[in-house]
J.: 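I'd like to ask some things about the structure below.
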Amino acid sequence: MSPRDTTSQPELFELLEAMCEDRLSPADAQRLERLVLKDAAARRTYLAYLDLHGTLHWNAAYGSDGGRFEPAVTPRAEAASPVSRKSVIRPQLMWLMAASVLMTAGLSFALGRWGRTGVDGTPPVIATNGSDANSKDNQHDLSGQNVPDPKSGSTEIATNNSANKPVRIGSTLTDSPKAPDLPNETTPNTPIIANDNRAQRPTSESNKSPRTSGSVAAVVSVINEHLSAGWKLNGIEPSAPADDAEWMRRIYLDVVGHIPPVDVAEHFLADRNPRKREKLVDTLLDDSGYIRNWTIVWSNLLIGRSDDRNVNRAALQKYLRESFAQNRPWSEMVADFISAEGRFDENGATNFLLAHLNNQAVPAAAITAKIFLGRQIGCTQCHDHPFNDWKQDTFWSFKSFFEQTAVARVDRRDDHTGQMKSQAAVLERKPVGGEVTFENRAGFMKAARPKFEGTDVGVEADVDRRHELAKLMIAGEKPMIAEALVNRMWEHFFGCGFTRDVADLGPHNPPSHPELLDHLAREFVASSFDLKQLIRWVCLSDAYQRTSRFGSTNAADDPVTGTTPLFSRVYVKGMTAEQLYDSLLLATGAAKTPLESGDHDRRRHEWLQQFVRALETEENDESVTFESSITQALLLMNSELTERAVSLDRGTFLEKLIHDRDSEADKLKRLCLATLSRYPSQKELQVLRKLIHDGTASRPNAGWQDALWAYLNSSEFILVH
């Protein structure tokens with residue numbers, strides 16, 4: 001079955017509908033499993049179907065107006081009659097099925113390259129056990145430069161026999177706990193894993209990898225070995241190392257959230273120290289910009305960009321700033337978010353749950369699992385997930401940990417008037433005991449106890465369930481929070497995680513490099529959940545040193561087309577709204593206040609609100625229209641922000657540049673360095689000179705404004721590459 005045929009198969013949708021209505025027979029379940037597991041297009045259709053089905057179930061059960069639904073603590077009297085909601089959901093579901101078919105088929109047609117997975121059309125092979133650990137051409141120093149082996153070079157490709165095709169060893173799906181035997185059914189777009197031994201992963205301290213040392217060099221070496229082996233087995237060569245200008249700009253945006261200041265860029269490019277990249281990583285991790293950037297990143301993840309009366313954004317950001325400044329272990333921060341109590345303006349960690357306790361805490365359970373555990377469990381509130389460990393009763397057991405949580409409101413003093421008239425939200429624990437009940441798709445009531453990963457904390461009212469959950473989530477040799485965080489951070493720096501959705505780990509969505517993800521998660525735990533150390537490992541790896549440009553040798557390494565990522569280059573991503581705002585003002589000197597000030601944060605947040613819209617979903621989703629290329633382009637071309645950026649007001653970068661005594665050529669070089677963090681080519685200089693003099697003929701200095709405007713509106717400026 002080809003990827004395009006999958007989306008038009010009525011059998012797939014009939015089985016999906018039967019599964020969602022709890023009328024799937026064991027034979028049908030096995031057939032559905034075969035259809036989904038052997039074909040990537042079917043898996044995408046399956047995930048999209050369940051996601052949309054969960055939304056429809058939410059609307060049918062709780063109402064599209066966001067009304068509250070009170071889950072009974074004891075079975076309701078009417079539950080004796082097993083009445084299902086099929087009659088409510090079915091009309092919407094039929095429209096959903098039709099829309100899903102059209103959308104998926106349209107996406108297939110638009111991409112047109114489902115089967116493109118390797119340089120010769122064969123699936124990529126990912127080495128996952130460090131099989132190339134002793135390869136000489138993998139030597140690397142922490143400055144980011146490759147050290148070629150004088151004997152063998154660095155272009156050796158492992159092939160099978162004389163066919164000059166990538167070696168294919170094992171299959172992603174054959175080790176899946178529930179996958180049936182599928183001999184000779186591997187489709188061209190199914191990712192192939194070399195020596196995938198997930199079934200034999202270490203589970204005890206005595207089985208930990210002997211390479212675990214905690215040193216930066218050792219961990220970076222393991223990253224390099226895993227990725228290099230994958231390149232060789234797939235017959236591709238990675239992109240060339242990025243030049244200093246490209247790498248410097250990228251790491252500034254990734255670590256501190258804005259492009260480098262022009263003076264810093266000038267100094268770094270002139271530095272001849274071979275270890276200057278390693279030094280810059282340490283410098284940025286100690287910079288106040290690191291604290292500011294990751295405060296923004298995690299504020300958006302934890303509570304979104306939308307304003308909420310139950311959330312004190314300033315207090316949450318204060319908590320995050322202090323935590324990142326102290327480099328607190330990630331495990332401690334997670335425990336704080338899960339178990340926090342108190343006023344939202346006094347305990348900033350309370351704001352995470354306060355933002356998601358609507359609709360009887362269903363969003364709180366779903367978003368907690370999504371952010372901290374890397375698990376999508378929203379759809380399991382209404383039915384079992386057939387290919388994941390999370391079942392319907394598992395969801396409600398997890399949700400029951402939040403049953404004792406209540407939101408209260410108290411008067412507080414207004415900061416401006418000093419009067420007691422405004423209110424504060426308070427996160428409290430109420431002494432609630434007993435099981436929580438839920439209704440399955442057949443209409444029967446079932447009970448669930450607070451249980452996580454097999455551990456039942458009890459249903460007594462005096463048990464602090466959230467406190468117990470916090471302890472369970474961070475305990476063990478490799479808790480799920482470690483793997484989830486490593487995967488999310490990898491996506492942040494490379495533009496693509498080990499899984500296509502970093503918040504959807506599980507057997508149905510296998511990682512591209514399972515052994516590397518496992519190793520990094522264990523090292524992260526061994527480092528006492530040190531966030532800065534994790535960033536060092538990633539940023540000093542050979543792959544992160546590479547340019548984002550690709551050529552014929554690694555054109556197949558393109559996750560956008562649906563292929564398994566090999567990380568032979570850093571994938572291009574767009575700037576976030578915050579990155580663009582700060583970079584624009586920094587490059588042009590148009591900031592009215594320093595980037596470090598609270599007033600600047602307030603101005604940025606007010607500016608961002610025009611692009612944010614909250615959505616009525618079970619996970620409190622929001623859309624950010626800024627990420628649309630059209631919106632972004634119009635903003636940069638004709639907004640008040642851009643007008644301010646290219647103005648000739650006193651003190652701006654452009655005003656200082658024009659009145660500087662340097663030569664015209666030096667001024668143009670500095671203009672390019674301030675915006676793109678590199679020096680212009682000779683051809684660029686010729687074009688810029690013409691632009692400047694043509695514009696100046698109409699009005700003084702207009703040409704300089706045109707040149708700056710052109711740089712700010714270039715794709716090179718708005719992309720992280």
Side-chain angles (χ1 to χ4, degrees), residues 128-130 197-227 281 285 294 297-298 301 320 323-324 326-339 349 368-375 389 452-455 467-494 497-499 502-507 510-541:
T128 62
N129 63 346
N197 60 349
R198 279 173 291 165
Q200 293 81 35
R201 285 184 186 176
T203 57
S204 66
E205 190 70 25
S206 61
N207 288 330
K208 289 184 68 175
S209 169
R211 299 182 60 85
T212 300
S213 68
S215 72
V216 174
V219 178
V220 169
S221 177
V222 172
I223 296 174
N224 295 342
E225 289 165 5
H226 278 282
L227 298 183
V281 171
L285 290 176
W294 290 97
V297 169
W298 280 101
L301 283 171
L320 290 170
S323 297
F324 290 127
Q326 299 168 17
N327 196 30
R328 291 185 63 205
W330 178 242
S331 55
E332 291 184 7
M333 295 175 66
V334 171
D336 283 351
F337 291 127
I338 302 303
S339 62
T368 296
K370 179 178 179 179
I371 293 179
F372 300 121
L373 304 177
R375 299 296 192 275
D389 297 335
F452 179 76
E453 290 290 281
T455 301
H467 181 74
E468 294 301 317
L469 175 61
K471 291 194 298 183
L472 292 172
M473 284 176 59
I474 67 176
E477 178 186 322
K478 196 194 72 173
M480 285 192 284
I481 65 166
E483 195 171 63
L485 193 279
V486 168
N487 197 24
R488 187 177 293 277
M489 294 291 276
W490 192 270
E491 180 193 50
H492 176 88
F493 286 97
F494 279 98
F498 292 115
T499 56
V502 295
D504 194 20
L505 287 162
S512 60
H513 299 70
E515 295 301 320
L516 178 55
L517 176 58
D518 178 82
H519 182 85
L520 287 176
R522 293 179 185 279
E523 288 283 6
F524 183 50
V525 175
S527 73
S528 298
F529 298 90
D530 190 331
L531 290 168
K532 288 188 176 182
Q533 195 77 316
L534 175 59
I535 292 175
R536 284 190 184 93
W537 299 336
V538 177
C539 293
L540 294 176
S541 67

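Numbers for residues simply follow the sequence, beginning at 1.
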J.: Can you name the residues that form a side chain to side chain contact (heavy atoms under 4.5 Å, CB included) with Glu491, not counting sequence neighbours?
T.: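 Residues passing side chain to side chain contact (heavy atoms under 4.5 Å, CB included) with Glu491: Val502.
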
J.: Locate the shortest heavy-atom distance separating Pro479 from Val525; write the atom from each residue and the value.
T.: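 Pro479 and Val525 have their closest heavy atoms at CD-CG2, 3.9 Å.
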
J.: Taking all heavy atoms of Cys539 and all of Val281, pick out the closest pair and write down the distance.
T.: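 Taking Cys539 first and Val281 second, the nearest heavy atoms are CB-CG2, 4.2 Å.
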
J.: With heavy-atom distances below 4.5 Å as the criterion, would you say the side chains of Ile338 and Phe372 are in contact?
T.: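 Yes, close enough: below the 4.5 Å cut-off.
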
J.: Is there a side-chain contact between Leu505 and Met480 (heavy atoms, below 4.5 Å)?
T.: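 Answer no - side chains too far apart.
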
J.: For Trp330, check ring pair (Phe, Tyr, Trp, His ring centres under 6.0 Å) against everything at least two apart and list the hits.
T.: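 For Trp330, the residues satisfying ring pair (Phe, Tyr, Trp, His ring centres under 6.0 Å) (neighbours in sequence not counted) are Trp298.
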
J.: Could you check if a side-chain atom of Leu227 sits within less than 4.5 angstrom of a side-chain atom of His513, using non-hydrogen atoms only?
T.: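 Yes, at least one pair of side-chain atoms sits under 4.5 Å.
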
J.: Report the residues that fulfil side chain to side chain contact (heavy atoms under 4.5 Å, CB included) with Ala503, sequence neighbours left out, ordered by chain and then residue number.
T.: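 Expected list: Lys370, Gln376, Arg488, Asp501.
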
J.: With rounding to the nearest 0.5 angstrom, report the CD to CG distance, Glu453 to Leu472.
T.: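 Output value for this atom pair is 9.0 Å.
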
J.: Between Arg328 and Met333, what is the shortest heavy-atom contact and its length?
T.: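 It is O-SD, 4.1 Å.
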
J.: How many angstroms lie between atom NZ of Lys478 and atom CD of Glu483, to the nearest 0.5 angstrom?
T.: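 Rounded to the nearest 0.5 Å, the NZ-CD separation comes to 4.0 Å.
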
J.: Could you walk me through whether Phe337 and Ile371 pass side chain to side chain contact (heavy atoms under 4.5 Å, CB included), step by step?
T.: CA-CA 11 Å; Phe337 291 127; Ile371 293 179; over 6 Å; no

J.: Looking only at heavy atoms, which two atoms of Leu517 and Pro511 are closest? And how far apart?
T.: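 The answer is CD2-CB, 4.0 Å.
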
J.: Which value, rounded to the nearest 0.5 Å, describes the distance between Leu469 atom CG and Ile474 atom CD1?
T.: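 Answer rounded to 0.5 Å: 10.5 Å.
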
J.: Looking at residues at least two apart in the chain, or sitting in another chain, which of them share a ring pair (Phe, Tyr, Trp, His ring centres under 6.0 Å) with His467?
T.: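 Scan of His467 (ring pair (Phe, Tyr, Trp, His ring centres under 6.0 Å), adjacent residues dropped) gives none.
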
J.: Would you list the pairs meeting ring pair (Phe, Tyr, Trp, His ring centres under 6.0 Å) in which at least one residue belongs to residues 468-488, sequence neighbours left out?
T.: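 Output for this query is empty, none listed.
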
J.: Please give me the minimum heavy-atom distance between Ala470 and Ser339, naming the atom from each residue.
T.: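 Nearest heavy atoms, Ala470 then Ser339: CB-CB, 4.2 Å.
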
J.: Side chain to side chain contact (heavy atoms under 4.5 Å, CB included), that's the test. Do Val222 and Trp537 meet it? Break it down for me.
T.: CA-CA 10 Å; Val222 172; Trp537 299 336; over 6 Å; no

J.: Would you mind reporting whether Glu468 and Lys471 have side-chain heavy atoms less than 4.5 Å apart?
T.: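 Yes, side chains in contact.
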
J.: Check the pair Trp294, His492 against side chain to side chain contact (heavy atoms under 4.5 Å, CB included), reporting the backbone distance first and the verdict last.
T.: CA-CA 11 Å; Trp294 290 97; His492 176 88; 3.5 Å; yes

J.: Can you confirm whether the side chains of Asp504 and Thr499 place a donor and an acceptor under 3.5 Å from each other?
T.: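 No, no side-chain donor-acceptor contact under 3.5 Å.
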
J.: So do the side chains of Met489 and Val538 get within less than 4.5 Å of each other, counting heavy atoms only?
T.: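 Not touching, per the 4.5 Å side-chain cut-off.
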
J.: Within the structure provided, determine whether Phe324 and Leu531 are in side-chain contact (heavy-atom separation under 4.5 Å).
T.: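 Side-chain contact under 4.5 Å: yes.
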
J.: Which residues pass the side-chain hydrogen bond (donor to acceptor under 3.5 Å, both in side chains) test with Ser331, not counting sequence neighbours?
T.: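 For Ser331, no residue satisfies side-chain hydrogen bond (donor to acceptor under 3.5 Å, both in side chains) once neighbours in sequence are set aside.
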
J.: Which atom pair, heavy atoms only, marks the closest approach of Ala484 to Gly374?
T.: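 Answer, listing the atom of Ala484 first, then Gly374: CB-N, 3.5 Å.
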
J.: At what distance, to the nearest 0.5 angstrom, does CG of Leu520 lie from CZ of Arg522?
T.: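 That separation rounds to 11.5 Å.
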
J.: For Asp530, what residues pass the side chain to side chain contact (heavy atoms under 4.5 Å, CB included) criterion, not counting sequence neighbours?
T.: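 Partners of Asp530 under the side chain to side chain contact (heavy atoms under 4.5 Å, CB included) test: Asn327, Ser527, Lys532, Gln533.
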
J.: Begin with the C-alpha distance, continue with both residues' side-chain angles, and end with the deciding distance and a verdict on side chain to side chain contact (heavy atoms under 4.5 Å, CB included) for Phe529 and Leu534.
T.: CA-CA 8 Å; Phe529 298 90; Leu534 175 59; over 6 Å; no

